[in-house]
Amino acid sequence: MRRTRSVSLTALALGAALGWLVGCGPVDTDFGEIPEPLSNRVCYKDSDCTGNACCGEGTNPTHVQDGPNCSNVRCSGTCPANGIDCGRCLVICRDSRCEAACQQ
């Protein structure tokens with residue numbers, strides 16, 4: 001019984017090591033230009049943050065208290081490619097500040 005457990009643990013360790021070696025490759029950290037936050041207010045969750053314009057046309061992240069009131073705005077359903085919400089970035093709360101998380 002001990003021999004079977006020893007073989008199983010060895011196989012598991014070998015599989016984990018090979019999986020780690022095969023799965024790791026160089027990571028490109030150049031995400032292009034990341035929009036600068038406009039607000040220095042503290043956020044606690046992602047919904048505390050928004051873009052600086054309605055309908056996905058914002059170009060910088062900001063706190064909802066500093067952002068626009070979009071409750072009565074009618075959007076056309078399109079948004080510019082360089083907008084943070086409809087483009088390559090999402091507005092998130094990171095380290096208690098509103099920031100943009102961007103993809104390449």
Side-chain angles (χ1 to χ4, degrees):
M1 183 150 172
R2 282 190 174 214
R3 184 164 173 84
T4 305
R5 183 176 290 163
S6 173
V7 171
S8 297
L9 290 176
T10 303
L12 179 63
L14 181 62
L18 287 174
W20 181 76
L21 289 173
V22 171
C24 290
V27 176
D28 186 10
T29 57
D30 180 20
F31 295 113
E33 188 175 325
I34 297 177
E36 291 293 320
L38 298 178
S39 176
N40 201 26
R41 291 184 193 260
V42 173
C43 63
Y44 298 99
K45 54 190 175 189
D46 290 347
S47 60
D48 292 341
C49 303
T50 188
N52 62 333
C54 298
C55 302
E57 296 178 0
T59 55
N60 294 83
T62 190
H63 195 278
V64 292
Q65 292 179 351
D66 298 326
N69 179 356
C70 300
S71 60
N72 292 324
V73 175
R74 182 178 282 182
C75 300
S76 65
T78 61
C79 55
N82 64 345
I84 54 178
D85 289 333
C86 296
R88 64 180 188 89
C89 301
L90 296 174
V91 178
I92 62 168
C93 179
R94 180 186 300 147
D95 298 329
S96 300
R97 298 288 181 248
C98 296
E99 293 187 11
C102 302
Q103 64 182 356
Q104 239 175 340

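The shown structure was predicted, so the numbers you read here are calculated from the model rather than taken from an experiment.
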- Which residue pairs pass the salt bridge (charged side-chain N to carboxylate O under 4.0 Å, His left out) test when at least one of the two sits in residues 35-51, sequence neighbours left out? R41-D66
- Task: Mind listing the closest non-hydrogen atom pair of G67 and T62 along with its distance?
- Result: CA-CG2, 3.8 Å
- With sequence neighbours excluded, tell me which residues meet side chain to side chain donor-acceptor pair (under 3.5 Å) with N69. S71
- Note on the structure: Output for pair (S39 OG, N52 CG), nearest 0.5 Å, gives 11.0 Å
- Query: Is V64 isolated, or which residues cluster with it under the ILVMFWY side-chain rule of less than 4.5 Å, directly or via members?
  - Reply: none
- Query: Between atom CD of Q65 and atom SG of C49, what is the distance when rounded to the nearest 0.5 Å?
  - Reply: 11.0 Å
- Heavy-atom closest pair (H63 atom, C98 atom, distance to 0.1 Å) is CA-SG, 3.8 Å
- Listed partners of D95 passing side chain to side chain donor-acceptor pair (under 3.5 Å), at least two apart: none
- Item | Partners meeting side chain to side chain donor-acceptor pair (under 3.5 Å) with S96 (sequence neighbours left out) | none
- Distance SG-SG for C75, C55 less than 2.5 Å: yes
- Could you check C43, C93, P37 and say which one makes a side chain to side chain contact (heavy atoms under 4.5 Å, CB included) with E99? P37
- Query: Below 2.5 Å, is that where the SG pair of C54 and C70 sits?
  - Reply: yes
- By side chain to side chain contact (heavy atoms under 4.5 Å, CB included), P35 pairs with (sequence neighbours left out) N60, P61, I84, C89, A100, C102
